[in-house]
2 protein chains.
Amino acid sequence: MGTTQLEATQDVQEPKYWHLKTVLNDALDSEFSVGEILPNERDLAARFGVARATLRQALEQLELEGRLQRRRGVGTTVAPPRMGVAVGPVDNAWPGIGNDTWRTVGCAEAVAPAAVARLFDSGAGVPVHTIRRERVMNGQPVATELLYVPAESVPGLPGLLSPASHAPAVLRELQRLDLEGEDRAVELGSARAEDAKQLDRLPGAPVLVVTTRYFAAGQVAAVAISTYRADTCRLTFGDTGTVEVTPHEEQERRQAS
Amino acid sequence: MGTTQLEATQDVQEPKYWHLKTVLNDALDSEFSVGEILPNERDLAARFGVARATLRQALEQLELEGRLQRRRGVGTTVAPPRMGVAVGPVDNAWPGIGNDTWRTVGCAEAVAPAAVARLFDSGAGVPVHTIRRERVMNGQPVATELLYVPAESVPGLPGLLSPASHAPAVLRELQRLDLEGEDRAVELGSARAEDAKQLDRLPGAPVLVVTTRYFAAGQVAAVAISTYRADTCRLTFGDTGTVEVTPHEEQERRQAS
DNA sequence: AAGTGGTCTAGACCACATT
DNA sequence: ATGTGGTCTAGACCACTTC
């Protein structure tokens with residue numbers, strides 16, 4: 001990266017932070033390896049002759065693109081390539097089937113929030129089982145999920161359940177139903193406080209929100225709102241089998257730890 | 001939204017811009033309708049008793065979440081709900097089939113850039129036809145795409161073609177092949193200068209990048225890199241038919257224009 | 001205690017669209 | 001010419017991790 005100031009040959013009309021971003025991006029390719037820590041922001045800003053805020057604007061974008069990882073109190077490191085995460089319909093199946101990558105971390109019984117109720121055929125005020133799960137890959141959390149199952153989808157449930165057996169029971173009942181199809185949407189969001197904590201990020205971090213509707217008996221039998229870390233994940237939708245991680249990616253990921 | 005300063009009852013540990021964001025978000029729900037313009041940033045900042053930069057941090061997040069739309073020289077308006085955009089496999093078909101929502105805007109013949117070449121089975125240096133297309137919905141551009149077709153995928157092409165007939169000829173040849181499957185990945189990116197211009201956004205705007213691989217004869221016969229506006233689009237992957245726009249959404253969208 | 005990234009301020013000027 | 005959002009500066013202090 002040298003001692004170079006930003007060249008004065010800069011096109012007008014091109015913001016400094018944008019130019020800076022491409023310079024840094026190139027430097028990451030040629031002069032740094034995955035996991036390496038960069039100089040701190042104050043030094044970098046001085047080296048390029050810009051204010052720290054401007055430097056940060058460039059770093060923010062590079063982090064958004066998954067090139068960098070910044071952690072308060074620690075520093076900025078070069079991020080490994082994004083993980084390919086399968087979100088279906090690889091196994092067109094109910095959640096919780098077999099030994100998948102999800103882990104249940106809690107559950108509750110309540111009325112569906114308005115934004116979720118809209119996804120069900122029945123209107124507002126539907127009582128639902130709410131199951132919180134998290135997904136871990138390569139030893140790091142990549143997603144957190146809220147699975148909403150209307151009580152009427154699983155009528156066979158006994159009345160009172162211990163917290164420990166509640167979630168498994170709901171999933172078991174779900175899996176008895178005949179799954180007719182799934183339906184997914186992906187959009188950009190920012191992590192709510194609770195999600196951010198589980199994903200080991202700050203609130204407001206960019207996330208990919210996957211909304212899945214599970215159909216059974218001509219109705220929406222369950223809805224899952226999955227929140228993926230946008231910086232570390234590439235969501236894959238394989239029609240022709242899972243797109244597996246290439247050996248090259250696998251190697252680079254290992255270097256990071 | 002009132003004349004209210006930010007309440008002093010603010011929890012410590014909660015950043016101002018974060019609190020501000022929730023306040024604004026609630027105000028948007030209750031006191032504004034789609035398409036309405038907000039007070040300008042300097043006024044808003046003064047009204048809430050914060051610096052403009054802090055106010056902007058809140059606005060940026062709301063724009064990222066698709067709640068606001070900001071345009072330089074114009075102002076900040078309340079955004080309509082995101083459009084549901086089908087990205088397949090609704091029609092598991094070659095690009096350019098039938099009357100789809102895509103429009104070809106240019107094409108060229110060159111060697112595939114490294115990042116794209118990696119997606120093909122053949123290594124680097126593959127000669128490809130490059131077709132640029134754009135997707136328009138509800139009268140506004142939502143996506144731009146670069147479609148890469150290796151020359152060896154379409155051997156039946158005559159040598160020299162006029163620019164006008166080039167792209168259609170490539171697509172026509174593609175469609176003669178037997179499509180065995182598709183493969184998609186979605187990740188977050190930021191708009192390159194060229195894409196940003198076509199999407200009517202500033203460079204660096206958040207986008208959802210969809211990478212599609214088309215398989216034929218056991219090979220990757222074509223690759224498409226589609227860039228969707230993350231602020232206005234919700235990508236839908238329908239296994240059970242297209243998820244159509246609800247009447248409610250349709251109405252709100254109309255109010256915006 | 002020292003060093004990191006995260007938040008916040010109060011200004012200035014620029015690019016752009018509209019009048 | 002005016003008003004808007006976009007960029008940039010030079011500081012300050014805070015929250016967090018590590019030593």
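As a basis for the values below, the full set of heavy atoms in this structure was taken, side chains included, without hydrogen atoms, waters or symmetry mates. Here is the naming used below: chain letters follow the sequence lines, and residue numbers restart at 1 for every chain.
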In chain order, what residues pass the salt bridge (Lys or Arg N to Asp or Glu O under 4.0 Å) check against B/Arg42, with sequence neighbours excluded?
-> none

Indicate whether OP1 or OP2 belonging to D/dT4 is found under 4.0 Å from a side-chain N or O atom of B/Asn40.
-> yes

Among D/dC8, C/dG5, D/dG5, the one nearest B/Glu41 by side-chain distance | D/dG5

In whole angstroms, how far is the C1' atom of C/dC8 from the NE2 atom of B/His19?
-> 16 Å

Please work out which of the three classes, parallel, tilted or perpendicular, describes the rings of B/Trp102 and B/Tyr228, given edges at 30° and 60°.
-> perpendicular

Quick one: is D/dG5 close enough that its OP1 or OP2 comes under 4.0 Å of any side-chain N or O from B/Thr76?
-> yes

Give, ordered by number, those residues of residues 52-65 of chain B having at least one heavy-atom distance below 4.0 Å to an atom of DNA chain D; if nothing qualifies, reply none.
-> B/Arg52, B/Arg56

Beyond-backbone contact of B/Val223 with B/Val128, side-chain heavy atoms, under 4.5 angstrom | no

Tell me: CD of B/Gln69 to P of D/dG5, nearest whole Å?
-> 13 Å

Rounded distance (Å) that lies between atom C1' of C/dT7 and atom CZ of A/Arg70 = 12 Å

A/Thr144 side chain to A/Arg135 side chain, donor-acceptor N/O pair below 3.5 angstrom = no

Give the intermediate values and the outcome of salt bridge (Lys or Arg N to Asp or Glu O under 4.0 Å) for residues B/Arg67 and B/Asp29.
-> CA-CA 10 Å; B/Arg67 300 280 289 141; B/Asp29 284 332; 2.8 Å; yes

Does any donor-acceptor pair link the side chain of B/Arg42 with the base of D/dG5 at a separation under 3.5 Å?
-> yes

Roughly how far, to the nearest 0.5 Å, is the CD atom of A/Glu187 from the CG atom of B/Leu235?
-> 9.0 Å

Please enumerate all protein N or O atoms sitting under 3.5 Å from an N or O of nucleotides 16-19 of chain C, with distances to 0.1 Å.
none

For the residue pair A/Arg82 and A/Thr232, confirm or rule out a side-chain donor-acceptor distance under 3.5 Å.
-> no

Return no unless some side-chain N or O of B/Tyr17 is found under 4.0 Å from OP1 or OP2 of C/dC8.
-> no

Euclidean distance, atom CG of residue A/Leu44 to atom P of C/dT4 [Å, nearest integer] | 11 Å

Less than 4.0 Å between a side-chain N and a carboxylate O, is that true for A/Arg229 and A/Asp195?
-> no

Within the structure, does a side-chain N or O atom of A/Arg71 lie under 4.0 Å from either OP1 or OP2 of D/dC16?
-> no

Using distance only, find each side-chain donor-acceptor pair of residues 49-65 of chain B under 3.5 Å and give its atom names and separation, not counting sequence neighbours.
residue : atom : partner  : partner atom : Å
B/Arg52 : NE   : B/Glu41  : OE1          : 3.0
B/Arg52 : NH2  : B/Glu41  : OE1          : 3.0
B/Arg56 : NH1  : B/Glu41  : OE1          : 3.2
B/Arg56 : NH1  : B/Glu41  : OE2          : 3.1
B/Gln61 : OE1  : A/Ser190 : OG           : 3.4
B/Gln61 : OE1  : B/Lys21  : NZ           : 3.1
B/Glu63 : OE1  : B/Arg70  : NE           : 3.4
B/Glu63 : OE2  : B/Arg70  : N            : 3.3
B/Glu63 : OE2  : B/Arg201 : NH1          : 3.3
B/Glu65 : OE2  : A/Ser190 : OG           : 2.2
B/Glu65 : OE2  : B/Lys21  : NZ           : 2.6

Taking DNA chain D as the partner, which of residues 195-207 of chain B come within under 4.0 angstrom of it by heavy atom?
-> B/Leu202

The helix from C/dA1-D/dT18 to C/dT18-D/dA1: angle between terminal helix axes, five bp per end, to the nearest 10 degrees, reads 10°

Here the distance between atom C1' of D/dG5 and atom CG of B/Asp43, to the nearest Å, is 13 Å

So CG of A/Leu38 and OG1 of A/Thr77: to nearest 0.5 Å the spacing works out to 8.5 Å

